Asker: 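I am attaching a structure below and will ask some questions about it afterwards.
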There are 2 protein chains.
Amino acid sequence: MQTIEEILRAKKIKVTPQRMAVYSILKKTDSHPNVEMIYQKLKPDYPAMSLATIYKTVDVLKKVGLIQELSVGEGGLRYDAKIRPHSHVYCEICGKVDDVEQYPLNELQDRFLLEKVKNETGYDVSIVQLYFFGKCPQCSINKETKARGA
Amino acid sequence: MQTIEEILRAKKIKVTPQRMAVYSILKKTDSHPNVEMIYQKLKPDYPAMSLATIYKTVDVLKKVGLIQELSVGEGGLRYDAKIRPHSHVYCEICGKVDDVEQYPLNELQDRFLLEKVKNETGYDVSIVQLYFFGKCPQCSINKETKARGA
DNA sequence: TTCAAAATGGATATTATTTATTATTTAACA
DNA sequence: TGTTAAATAATAAATAATATCCATTTTGAA
């Protein structure tokens with residue numbers, strides 16, 4: 001199995017501490033952070049890291065296929081180092097993004113699905129993303145509490 | 001069947017020419033326009049229409065459930081008056097958004113799907129969106145195709 | 001027809017995100 | 001180790017999307 005360093009070097013992309021740090025943050029978390037969140041998470045260990053570097057780094061990592069980009073309708077984009085097929089659920093109240101692990105992108109047999117869509121639309125499709133939108137458990141409770149209380 | 005006017009009046013939302021015009025544009029097109037595109041389309045017939053009104057109108061129409069909002073990773077949002085379950089394919093070169101009619105959101109038996117996701121994640125899910133990303137037929141043929149925005 | 005509440009137009013403000021700039025530093029490799 | 005192209009930091013600036021303001025107009029219903 002290739003290491004991240006090997007993957008980058010194979011594409012003539014330099015391995016830098018900043019790139020490793022951004023990737024490492026994404027690999028560790030399941031919070032699907034945006035650029036600003038990555039910036040804040042890195043600050044303690046890399047106080048000199050520039051926001052611009054993070055923008056460039058997520059671009060690089062995305063192009064190389066090491067991370068995926070999520071668009072949930074906020075201003076910016078979210079990033080995820082989990083690249084095997086899975087879908088996401090977005091809380092419209094607090095903005096949290098969670099993985100939907102079991103279901104159902106893997107059951108859609110992606111390759112077959114891409115073929116079908118290509119046949120119907122003529123598009124050469126490379127990425128599938130399934131999103132669910134709703135209210136997370138915490139926000140559901142808060143609203144109930146608020147409604148009952150005050 | 002309820003008319004749009006009836007749906008709005010039932011929710012105590014005033015029926016205005018601007019709202020009808022925005023809805024009508026969305027109903028007629030399959031181009032999934034964003035606010036700016038709607039604005040441009042309306043200009044010939046409604047030269048006095050304000051951008052602010054369009055922002056407010058798509059909000060109203062979305063809340064009432066007459067249109068859906070799509071987020072494909074651009075700056076802004078796209079709108080679609082087709083609200084029965086269907087998915088979308090986005091051309092990463094020219095920015096075009098097309099419907100994927102036949103497949104596969106209807107085959108996912110949405111209600112059952114929402115239940116499963118709720119069981120797994122605890123989220124109270126109300127919306128499902130399936131996106132495909134790739135290259136449209138025109139952009140596949142024309143290698144000289146300009147990047148979006150050009 | 002009248003009237004109050006709601007909506008609109010037009011402009012501007014706001015705000016968040018992203019890109020550009022440039023001097024400096026660093027990774028890769030001979 | 002030296003060289004060079006690439007990357008980074010720091011900051012400025014552009015971009016762009018959306019919200020706000022308020023005077024005027026319009027809708028809905030009494």
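Because only heavy atoms are used, hydrogens play no part in the values below, and waters and symmetry mates are left out as well, while side chains stay in. Small disclaimer: the values here were computed from a predicted structure and weren't measured. Chain identifiers are assigned alphabetically (A, B, ...) following the order of the sequence lines, protein sequences preceding nucleic acid strands; residue numbering begins at 1 within each chain.
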Asker: Can you find a side-chain donor-acceptor pair between D98(B) and H32(B) that sits under 3.5 Å?
Answerer: no
Asker: Any side-chain N or O of T53(B) under 4.0 Å from OP1/OP2 of dG9(C)?
Answerer: yes
Asker: In whole angstrom, what separates R9(A)'s CZ from dA7(D)'s P?
Answerer: 13 Å
Asker: Among dA6(C), dA7(D), dA17(D), which is the nearest nucleotide to the side chain of K14(B)?
Answerer: dA6(C)
Asker: Name the nucleic acid region contacted by P17(A), choosing base, sugar-phosphate or nothing; use a 4.0 angstrom heavy-atom cut-off, strictly under.
Answerer: sugar-phosphate
Asker: Within the pair Q18(B) and dT26(D), is there a side-chain N or O less than 4.0 Å away from OP1 or OP2?
Answerer: no
Asker: Check the distance between dT25(D)'s C1' and Y46(B)'s OH and give it to me in whole angstrom.
Answerer: 17 Å
Asker: So that I can tick it off, tell me whether E101(B) and K82(B) are bridged by a salt bridge, with the cut-off set at under 4.0 angstrom between side-chain N and carboxylate O.
Answerer: yes
Asker: Starting at CD of E69(A) and ending at C1' of dT17(C), how long is that distance when rounded to a whole Å?
Answerer: 13 Å
Asker: Taking the side chain of T16(A) as heavy atoms from C-beta outward, which of dA27(C), dA17(D), dT8(C) is closest to it?
Answerer: dA27(C)
Asker: Both M49(A) and A52(B) contact DNA chain D. Which one's nearest nucleotide lies toward the 5' end?
Answerer: M49(A)
Asker: Looking only at the side chains, is there a donor atom on one of E69(B) and Y79(B) sitting less than 3.5 Å from an acceptor on the other?
Answerer: yes
Asker: Look at the side chain of T121(A) and the backbone N and O of V117(A), then say whether any donor-acceptor pair between them is shorter than 3.5 Å.
Answerer: yes
Asker: Please tell me which of L51(B) and R19(B) maps to the more 5' nucleotide of DNA chain C, matching each residue to the nucleotide holding its nearest heavy atom.
Answerer: R19(B)
Asker: Which residue lies toward the 5' end of DNA chain C, G76(A) or V15(A), if each is placed at its nearest nucleotide?
Answerer: G76(A)
Asker: Side chain of K56(A) only, please: which of dT8(D), dT27(D), dC21(D) is the nearest?
Answerer: dT8(D)
Asker: Rounded to whole angstrom units, what separation is found between the CD1 atom of I54(A) and the P atom of dT19(C)?
Answerer: 14 Å
Asker: Distance-only, no hydrogens or angles: does the T57(A) side chain make a donor-acceptor pair with backbone N or O of T53(A) under 3.5 Å?
Answerer: yes
Asker: Figure out the CD1/C1' separation between I38(B) and dA17(D), and round it to whole Å.
Answerer: 14 Å
Asker: Just the rounded figure in Å: distance from C1' of dA7(D) to NZ of K11(A).
Answerer: 19 Å
Asker: Roughly, in whole Å, what's the span from CD in E36(A) to C1' in dT15(C)?
Answerer: 13 Å
Asker: Please report the distance, rounded to the nearest Å, between CD1 in I13(A) and P in dC29(C).
Answerer: 13 Å
